[in-house]
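Notes for the one structure printed next.
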Amino acid sequence: MGIKGLAKLLSDEAPDCIREVELKSLHGRKIAIDASMAIYQFLIAVRSGGPNQQATMLTNAEGETTSHIQGMFNRTIRYMTEGIRPVFVFDGKPPDVKSHELIKRREKREKAQAALAVASEEGNVEEQDKQSKRLVRAGTKENEDCRKLLTLMGVPVVTAPCEAEAQAAALCKAGLVYATGTEDMDALTFATPILVRKLTFANASKSMVQTMNYNKVIEGLAISHDQFVDLCIMLGCDYCDTIRGVGPKTALKLIREHGNIEKVIETIDRKKFVVPESWVPNEKKLDAQSDDDDEEGVESPSKEENNGIVDTEELIPAYVQARKLFNEHEVLNDIELKWKPCQAEDLQKFLVDDMGFNVDRVKNNIEKLQAAYKANSKPQTRMDSFFAVKANPNAAKSAAKRKADAAKAKAAVSKKKTKKH
DNA sequence: ACTCTGAGTCAAGACGGC
DNA sequence: CTAATTGACTCAGAGT
DNA sequence: GCCGTCC
C-alpha cells in the first residue's frame, strides 16, 4: 500500500522536492529497482488476445507463463541502451507486523476467485478478465525466472533480507546507486536520497521521468526525519492502522504542532479522533481491569489475533514498531554491484529453448545488450558534474546541509550494523 | 459552501510495421 | 509450508 | 500515432 496520499501531499506541500526531468539526464546512473513490483506489472499487462476474447498470458511450449520474462528482458535492455545501469532488488520475508495486512489481502483474493468462478459459468468474458487480473501474483517461480534471466544478462541482483524498498534505499544511501526506481513511496520513508518514478517507456516520445529528492522533502515540509517517519505512519503504511478521522492535511498539521505521535495522542480529542487500540496497549489493559464500556459484539475477531501477540510480552505500541521498521530495517550492508558482459550462449538457450522465444529476435536483442554494455563500461564522464557546483546559487548552503545529513546518515548506518545479527 | 476523510474501483509493457 | 503492489480517481458523507 | 503481436 505504500504511504497513503504521500505523493499528493508532497506535490501540495513540498513541490520543490519533485522534478520532471528527461530520461537522458539519468545517463550513466546506476539505479536500484524493486523487481517484485516490476514482475507483478508485467504479469498483469503483458497479455495477448484483443477485446472480446479472454486475454491470456504469454507462455512457452510447456504452458509456463513467460510474460514477465518478456517484459523484464525488453525493459532491462532498454535501460542499458539509455545508459542506465539497473540493479534489481528482490523481496525477502515480509516483517511479522505485516501479517495483519496480508490476511486482508488473502480474503480479497479469495473473493476474486469466487467471482471468477461465477463469471466463467456465465461466460462473461469481460468479468473473467477483470477477476483473473486480481488473482495475479508474483510467486517464487516468477522471481526465480527473473533472477536467472538477469544473471545471464550480466545485471546484478540483490535479494533483500526483508523489504526490497528498504534494501534499495540502503544501496542509495551507501552511494552504490544514484537512486531508487519505484512507484512505491515507502522508499522515501526509508530515506532513499533520490526516488525516480515513471521509469517506464510507455510514453517513449516524451520520455520524461519524475524525481523526488529526500532532503528537499524534509526541507519543504519543514520537519525532521523522525517527524517525517511519524507523518508517514499517520498517513497510513503497511505496518499499522491509523487514527480515524485524521487524513493527510490534519496529520501534517498535528506533527508540525506537536512534534511526534506520542504528543499528538496526548493532546488530541480522543472522542473525535479514535486512536487504534494497538497504539495504546497499556491503556487497554487498564480498561479491561477497571470497567469495560466496550460493546463486545462489535469487537472484530482480527483484533483479537493481534492482541494475542501483543499481550504476552509486547506492550510496545504499534506505531513504535512501525517506526523501528522504517529506521532500522534489516538490510544487507556490504554488497558489491557488478555489471558483467552477458553470457550470450546460455542466455540464448534459456530464452529460445526453454522459453520459446523467437531466435532472430533474441539474437538481435543480445547484440543490442552487448553494444549497450560496451558503451556503458567506457569511463564515465557525466557532463553535468563539471558545472553542477556553479549551477546552484545556494551551493554553499546546500553543501553544508548535505554534510550534516551525511553525518546523520552515517550515524544511522553504524547503528544498523550493531543491530544486524 | 467548503474541506477533509474513507471506501471503492480501475489500470498497470514494449516493439515494430504501417 | 503458504503467501508477497500500488497509486490515481471518484463519490458520498461527515464535520466545520 | 495507431494497432497487432510478443510466447
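Bear in mind the structure is a predicted one, so any value in this text is a computation, not a measurement.
- Thr65(A) and Glu142(A) share no side-chain donor-acceptor pair at under 3.5 Å.
- The environment of Glu144(A) atom CD is dense: over 12 non-hydrogen atoms of other residues, nucleotides or ligands sit within 6.0 angstrom.
- Listed by first and then second residue, the salt bridge (Lys or Arg N to Asp or Glu O under 4.0 Å) pairs involving residues 253-271 of chain A are Glu262(A)-Arg323(A), Arg270(A)-Glu283(A) (not counting sequence neighbours).
- Formation of a donor-acceptor pair under 3.5 Å by the Asn376(A) side chain with backbone atoms of Met80(A) is found in this model.
- Residue pairs that meet the side chain to side chain donor-acceptor pair (under 3.5 Å) test with at least one member in residues 340-366 of chain A, sequence neighbours left out, do not exist here.
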Report the C-alpha separation of Leu199(A) and Val196(A) in whole Å, then their side-chain angles, then the decisive distance to 0.1 Å, and conclude whether the side chain to side chain contact (heavy atoms under 4.5 Å, CB included) test is met.
-> CA-CA 7 Å; Leu199(A) 194 50; Val196(A) 184; 4.3 Å; yes
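- Residues passing the salt bridge (Lys or Arg N to Asp or Glu O under 4.0 Å) test with Asp12(A) are Lys8(A), Lys249(A), sequence neighbours excluded.
- Rotation axes derived from the C1' atoms of the five outermost pairs at either end of the helix from dA1(B)-dT16(C) to dA12(B)-dT5(C) lie 0° apart, to the nearest 10°.
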What protein N or O atoms touch nucleotides 7-13 of chain B N or O atoms at under 3.5 angstrom, if any, and at what distances?
unit_1  : atom_1 : unit_2    : atom_2 : d
dA7(B)  : OP1    : Arg244(A) : NH2    : 3.1
dC10(B) : OP1    : Lys130(A) : NZ     : 3.4
dC10(B) : OP2    : Arg134(A) : NH2    : 3.3
dG13(B) : O3'    : Arg75(A)  : NH2    : 3.2
dG13(B) : N7     : Ala45(A)  : O      : 3.2

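- Taking each heavy atom of Asp91(A) and Ser36(A) in turn, the nearest pair found is OD2-OG, 3.3 Å.
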Take Val209(A) and Arg197(A) through the test side chain to side chain contact (heavy atoms under 4.5 Å, CB included) and record every step on the way to the result.
-> CA-CA 6 Å; Val209(A) 299; Arg197(A) 299 173 87 202; over 6 Å; no
Scan nucleotides 9-16 of chain C against the protein and return all N/O pairs shorter than 3.5 Å with their distances rounded to 0.1 Å.
unit_1  : atom_1 : unit_2    : atom_2 : d
dT16(C) : OP1    : Lys272(A) : NZ     : 3.1

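- Residues meeting the side-chain hydrogen bond (donor to acceptor under 3.5 Å, both in side chains) test with Ser67(A), sequence neighbours left out: none.
- Comparing the P positions of dG13(B) and dA8(C) gives a spacing of 14 Å, expressed to the nearest Å.
- Taking the C1' atom of each, dC18(B) and dC7(D) are spaced 23 Å apart, rounded to whole Å.
- Rounding to the nearest 0.5 angstrom, the gap separating the OG1 atom in Thr200(A) from the CD atom in Glu183(A) is 8.0 Å.
- Remark: Glu336(A) engages no residue in a side-chain hydrogen bond (donor to acceptor under 3.5 Å, both in side chains) (not counting sequence neighbours).
- Of the residues in residues 141-165 of chain A, none has a non-hydrogen atom less than 4.0 angstrom from any atom of DNA chain D.
- For the pair Phe190(A) and Leu325(A), the tightest heavy-atom approach, listed with the atom from each and the gap, is CE2-O, 3.5 Å.
- Taking atom CZ of residue Arg137(A) and atom P of nucleotide dT6(C), one finds them 17 Å apart after rounding to whole Å.
- Closest to the side chain of Met37(A), out of dA3(C), dG7(C), dT5(C), is dT5(C).
- With sequence neighbours excluded, the residues that form a side-chain contact (heavy atoms from CB on, under 4.5 Å) with Ala35(A) are Phe88(A), Phe90(A).
- Close placement of the Tyr79(A) and Phe201(A) rings is indicated, their centers lying within 6.0 Å of each other.
- Listed in residue order, the members of residues 353-368 of chain A having a heavy atom less than 4.0 Å from DNA chain D are Met355(A), Gly356(A), Phe357(A), Asn358(A), Arg361(A).
- One finds the OG1 atom of Thr182(A) at 11.5 Å from the CD1 atom of Ile31(A) (value rounded to the nearest 0.5 Å).
- Taking the six-membered ring wherever Trp is involved, the centroid distance between the rings of Phe326(A) and Tyr239(A) falls below 6.0 Å.
- When all heavy atoms are compared, the tightest approach of Glu82(A) to His27(A) is O-ND1, 3.2 Å.
- Residue contacts shown for Thr66(A) are limited to sugar-phosphate atoms, with no base heavy atom under 4.0 Å away.
- Annotation: proximity of residues 245-254 of chain A to DNA chain B (heavy atom, distance under 4.0 Å) is found for Gly245(A), Val246(A), Gly247(A), Pro248(A), Lys249(A), Thr250(A), numbered in ascending order.
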